[in-house]
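Quick note on labels: first sequence line is chain A, next is B, and so on, each numbered from 1. Keep in mind that what you see is a predicted model, and the values were worked out from it rather than measured.
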Amino acid sequence: MTELQMKEQVLRMSGVDPLKCMRCGKCSGTCPSYDEMEYHPHEFVYMVEKGQISKLMASDSIYKCLSCMACVERCPRGVEPGKLVEAIRLLAVRRQGANHLKPDDIPALLDEDLPQQAIVTAFRKYTK
Amino acid sequence: MKVSYYPGCTLKTKAKELDKYGRRAAEALGITLEEIENWQCCGGAFTSASDEIATKLSSVRALAEARDKGQDLITLCSACHNVIKRTNDAMANNADFSMKANNYMKLDTPYTGETKVIHYLEMLRDTVGFDELAKKVVNPLKGKKIAAYYGCLLLRPGKVMAMDNPENPRIIEDFIKAIGAEPVIYPYRNECCGGYITLEDKTIAAKKSNKVLHSAAVAGAEMVITACPLCLYNLQKNGTEDLPVVYFTELLAEALGVKED
Ligand code: SF4
Ligand code: SF4
Ligand code: SF4
Ligand code: SF4
């Protein structure tokens, strides 16, 4: 896929219109994972607009988003940056052999109190 | 009164108390939670991408079953509630997704979002009523300072979840008052604990969880309550603040005098 095709795919999957963004930075200001991310929510919006999808796909930032939807709730323009992060992460893990979490990784991560919810959610987010 | 009930996988395993006390308390309030048959795990996370179909079908199945019984669907785990409610919204409002899901499912009657998805807390507020609940309390938790932890899944996205004001909620605080205790308001009550990141990087989950706990402790809380097994895990296991975290149903059962066997 070309960058342009990937951009169109991301826009279609997420339903986001990056042109609505006024670059206020509120999404990044409220993001609980801000310190962990190379690219922050407002940069996702800008870079998608510019068609820089493969750069975002290659960044660990897509695995640091908590899907907490704070940026979606608090964006004054209704841009919903978290949905872009989710669409780009999906594009990344849908590639053959690109799962970010593998079933073999799980036993080492378990402890007696870990709820099943954590495991199934992580699989939803990190694998295809 | 009977309602359909979706317990979810975690309430059958690591979060049995959330379920057990929830059922007991509902009975004491005159409501029978009828577990729907053959439910399957919702997957814990709603995928907002509109081209994801198969991952949402277990929720559609549960929704259609409640519809066929003519009942509301009650959820208790915050994550199940988020997934099922958002799937229901997509079935009602996204014609393309709804058509594809129905093509897969081949139900006798196509499902188009008819079921009302109600979180247990909403059932307490809207069906029972907090005033009525207060009248049925036999062991009021007098003087106990309790911090409500909403986390992210109960409230967001606010347009779809529509439980309460997503930036200034009060439903759990009103619940705390109804059982005779004192709610503590603190800034991080609707900020994320880190969720599933605990599997990716425990230090992030610890940072997020401690922010929440510290915020509650500074505001004077003696205890934190939640509806989410993963919030409970993160706050207790990844957090280091010495503050007990319990399921709200446990306090409800205690207040109604049905906690012990
Ligand atoms: S909060 Fe909304 S408008 Fe502001 S930078 Fe983020 S996406 Fe753009
Ligand atoms: S959804 Fe992701 S990007 Fe948005 S605020 Fe939450 S963690 Fe940050
Ligand atoms: S949210 Fe969780 S606990 Fe609830 S069924 Fe789904 S995965 Fe399982
Ligand atoms: S587990 Fe954390 S991430 Fe999940 S609802 Fe609870 S607050 Fe949000």
Side-chain angles (χ1 to χ4, degrees), chain A residues 9-16 30-37 60 62-75 78 80 82-91 93-94 100-101 105-106 108-128, chain B residues 8-15 41-52 55 77-80 82-83 94 151-153 155-161 166-167 188 190-205 207-208 211-212 228-234 236-237:
Chain A
Q9 169 99 8
V10 165
L11 296 183
R12 208 166 38 237
M13 286 162 75
S14 64
V16 169
T30 200
C31 175
S33 247
Y34 183 88
D35 293 344
E36 324 298 334
M37 291 170 128
D60 237 16
I62 55 179
Y63 307 112
K64 304 296 180 196
C65 163
L66 310 168
S67 302
C68 73
M69 301 292 140
C71 57
V72 168
E73 195 66 51
R74 293 168 190 162
C75 167
E80 309 191 317
K83 294 188 177 174
L84 288 179
V85 182
E86 188 143 290
I88 293 166
R89 184 176 55 225
L90 267 175
L91 275 195
V93 300
R94 278 176 183 170
H100 184 67
L101 179 71
D105 301 339
I106 294 291
L109 297 169
L110 293 179
D111 65 60
E112 61 176 315
D113 296 322
L114 186 77
Q116 284 64 23
Q117 177 194 355
I119 306 165
V120 291
T121 308
F123 269 113
R124 271 286 155 83
K125 294 289 173 184
Y126 295 147
T127 68
K128 244 309 131 188
Chain B
C9 64
T10 306
L11 279 71
K12 293 286 179 184
T13 47
K14 297 290 180 194
C41 175
C42 69
F46 180 80
T47 309
S48 59
S50 61
D51 63 347
E52 277 282 320
T55 46
C77 163
S78 306
C80 302
N82 189 282
V83 174
N94 183 334
C152 52
L153 294 172
L155 301 170
R156 297 196 285 266
K159 260 187 281 170
V160 177
M161 300 313 292
E167 296 299 348
Y188 275 76
N190 62 343
E191 300 302 329
C192 182
C193 69
Y196 55 87
I197 206 85
T198 183
L199 287 176
E200 165 83 4
D201 186 341
K202 273 211 176 295
T203 57
I204 303 180
K207 255 198 269 178
K208 297 296 125 195
K211 272 205 172 149
V212 172
C228 176
L230 187 50
C231 297
L232 184 108
Y233 172 86
N234 274 332
Q236 277 201 323
K237 283 284 265 215

Inset, instruction - State whether A/K83 and B/E52 are salt-bridged, where the test is any N-O pair (Lys NZ or Arg NE/NH1/NH2 against Asp/Glu carboxylate O) under 4.0 Å. - result: no

Heavy-atom distances under 4.5 Å only: say whether [X] touches chain A with side chain, backbone, both or neither.
X      : value
B/T55  : both
B/K211 : neither
B/E167 : side chain
B/K202 : side chain
B/L155 : backbone
B/N82  : neither

Legend entry - Option in B/R156, B/K208, B/K207 with maximal non-hydrogen atom pairs under 4.5 Å from chain A: B/R156

Legend entry - Spatial distance of atom CG (B/L199) from atom CG (A/L110) [nearest 0.5 Å]: 8.0 Å

Legend entry - CD-OH distance between B/E200 and A/Y63, expressed to the nearest 0.5 angstrom: 8.5 Å

Inset, instruction - Answer yes or no: does atom NZ of B/K12 have more than 12 heavy-atom neighbours from other residues, nucleotides or ligands under 6.0 Å? - result: yes

Chain B contacts, top residue of [options] (heavy-atom pairs, under 4.5 Å):
options                    : result
A/C65, A/A70, A/S14        : A/A70
A/S67, A/A87, A/G82, A/G15 : A/S67
A/E80, A/K128, A/R12       : A/K128
A/E112, A/K64, A/E86       : A/E86

Inset, instruction - Mark yes or no for whether A/K125, through its side chain, and B/Y196, through its backbone, hold a donor-acceptor pair below 3.5 Å. - result: no

Inset, instruction - Ignoring hydrogens and angles, tell me if any N or O in the side chain of B/N234 forms a donor-acceptor pair with the backbone of B/G195 under 3.5 Å. - result: yes

Legend entry - Heavy-atom pair with the smallest gap, counting every atom of B/C77 and B/L11: CB-CD1, 3.5 Å

With only heavy atoms counted, which part of [X] is less than 4.5 Å from chain B, the side chain, the backbone, both or neither?
X      : result
A/F123 : neither
A/L90  : side chain
A/L114 : both

Inset, instruction - Run through B/K237, B/K14, B/Q236 and flag the one making a side-chain contact (heavy atoms from CB on, under 4.5 Å) with A/D113. - result: B/K237

Inset, instruction - Pick out which of B/C9, B/C41, B/C42, B/C228 makes a side-chain contact (heavy atoms from CB on, under 4.5 Å) with B/C80. - result: B/C42

